[in-house]
Structures are given as C-alpha cells and as structure tokens.
2 protein chains.
Amino acid sequence: MATRTRADAATEAWKRMLELMWSQRGRFIDGVGDLGLSPMQAHALRFLEQPRAMSELADVLLCDASNVTGIIDRLEARGLVERRPAPEDRRVKLLCLTKAGEALRARVRERIEVPPPELAALSPHEQRELRDLLARALGH
Amino acid sequence: MATRTRADAATEAWKRMLELMWSQRGRFIDGVGDLGLSPMQAHALRFLEQPRAMSELADVLLCDASNVTGIIDRLEARGLVERRPAPEDRRVKLLCLTKAGEALRARVRERIEVPPPELAALSPHEQRELRDLLARALGH
DNA sequence: TATTGTTATACTCTATAACTATA
DNA sequence: TATAGTTATAGAGTATAACAATA
C-alpha cells in the first residue's frame, strides 16, 4: 500500500469548510448579540418557525430538555415566545413565537444568512457550482 | 428593480453550508465528549499545535482572557497542557502541550476531520470540485 | 406505569471589573 | 503607566436526578 501524503478530496473539502465556518464564528456571535440574543437563544428562535413542543426543541438543539426550560424562560421573559398547553396532550407545551418573536426571528435569519465575503468573492459561476454541489450532498 | 424570488447563489450556498454544519454538531460534541473534552477544550487543543500565549488563545477562541484561565486550568489539571513563563517577557505565559496533550490533540483532529457522509457520498470528481472551490474561496 | 416538562444541583463557558506581577 | 494573566462575581448553557402533572 502506497504512503498517503495527502488526504482524500472529501477530507480536504471538509477541513476547508471547518476553517471557513470557524472564521465566521465572530460574525455570528456578534450578529445575534447585537439583537440581545445568546447563540443558543438565536438557534432556538431559528427552529420555532412552526410551533414545537419543548422536547422537539431539545432534540434539534441537541441538549437536555431541562436546558430548554431555561432557554425558553429567558425568551418568554422578553415576550418573544409563549408556552401553550397542547390540546391533545396537556403534558406537552407548544412553543409559539409572539409577533415580536417572529420579527426578531426574521432579523436573526437576515443576519445569519448573509454569505461571508469569502463566498461572495467567488465568481457567479463558482457560486452556482458550490451551491449545486452542496445541494447534491444534502440530497436536495 | 425586479422582484427577487430567489436568493443569489452565494446566499443559497451559504445556507446549505450552515445546514450541513448544524447537522454535524452532534458528531462533534459526541466525538470530543468521548475523549473527555468539552467543545471549547477541544478547540483550545486544536489551536495549540505550537505554543501560544494565553492572550493569543483568547483571540482565536473569541473569548475573554479570563475564560482562557479556566479552560486551561482544566486541561492543565489533566496533564495535557503546561504554562511556561515566556523568557523575553515574564508576564506572558506560553501554553505548551505535554506528550499526553499532543496525543489527545491528534485524536481530536482525527475525529473532527472525518468528512460527514454527505460529502463522502459525492463522486470523486465532485469532491475535488468542492475542495477546489473552497480553496479558491479561502485564498489558498 | 410511562411520559412531558420542571426543579435542584453541579460544572463549564461567558463577560466585566478589580487585582498582581511584570514591563 | 501600561500590559498579561488571575481572581471574584454573576449570568447562561450543560447534564443528571428527583419531582409534579398528565396520559
């Protein structure tokens, strides 16, 4: 077996994606921080496009349900989210964004979805290639 | 100006990259968790390929220097890192990995750098295209 | 009995401000 | 005086275990 001096292309691509993502961390933290949100609070808003149960939010945030209690407590205290008992199972609480929550969620998305300069600087053709490759990878 | 019903290609590409990254979050948390590391501890190890001052590590981790004290305290207590006064300025402390720290750092990298199934499933040609596009974006 | 969400607890990460030791 | 790092403090995220309400 020949000595491998270079990783395969998927590994190289992944390492570069990690590098790009890490470089955008400050922009994300500052962007949502300007809106008065911690990173996890911003992610919670992101996933509340539709009402979800506490346990569902815990699943997508990859944290214990007991954490979601605290995260939602803080958003609720700001009037961004409401807890409503689910009609079909009163143990379940559905998390619904208020008007203010919807508005802030839109602002979070606007900020997060602005592509980094590194991508914006690619040619239109390269941008489309990248977009299409990622669509293939994600099975879109 | 015409109504834009679709975002430009860079924005679509970025959104897909965010989606792919978020989907890999659990693998990262579990991967470094299996090694007994929190995410931030793992990142700290990542950036200690060469000895660095506390303040330098604070810069790359995007956190206050006072946080680095605690993060490094915990790594040092496990014998992974040593603080050494810098010869030219004894206020500065250089963080050096021990043998155990080097070994664990290598294991962290091995785990993190495995590409996700979504990328591994692309054809070799597509993988190379993706790798090269990202290299262009990053100015490599 | 089992499940959903909360509470209690403890640890980690986070920033700010005050402090120390060097420069 | 200024800077590098620490300590003190407080708030937020994290998991585990015990608990209340509901199924």
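So you know, we letter chains A, B, ... as the sequences are listed, proteins then strands, and number each from 1.
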What nucleotide among D/dA15, C/dG5, C/dT12 has an atom nearest to a side-chain atom of A/Asn67?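 Side chain of A/Asn67 sits closest to D/dA15.
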Under 4.0 Å: is that the gap between some side-chain N or O of [X] and OP1 or OP2 of [N]?
X       : N     : result
B/Lys93 : D/dT6 : yes
B/Arg90 : D/dG5 : no
B/Arg83 : D/dT6 : yes
B/Ser55 : D/dT3 : no

Just checking B/Arg111: does its CZ atom have more than 12 heavy atoms from other residues, nucleotides or ligands closer to it than 6.0 angstrom?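 It does: B/Arg111 CZ has more than 12 such atoms within range.
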Taking the side chain as C-beta and beyond, is there a heavy-atom pair between B/Leu61 and B/Asn67 under 4.5 Å?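 They are not in side-chain contact.
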Could you tell me the separation between the [atom1] atom of [X] and the [atom2] atom of [N], rounded to a whole number of Å?
X       : N      : atom1 : atom2 : result
B/Glu88 : D/dA4  : CD    : C1'   : 12 Å
B/Arg84 : C/dT22 : CZ    : P     : 19 Å
A/Arg91 : D/dC19 : CZ    : C1'   : 15 Å
B/Leu62 : C/dC13 : CG    : P     : 15 Å

Can you say whether a donor on the side chain of A/Ser66 sits under 3.5 Å from an acceptor on the base of D/dT16, or the other way round?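 Indeed, a donor on one side and an acceptor on the other fall under 3.5 Å apart.
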Is A/Asp8 salt-bridged to B/Arg128, going by a charged N under 4.0 Å from an acidic O?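 Not counted as a salt bridge, because no side-chain N and carboxylate O are separated by less than 4.0 Å.
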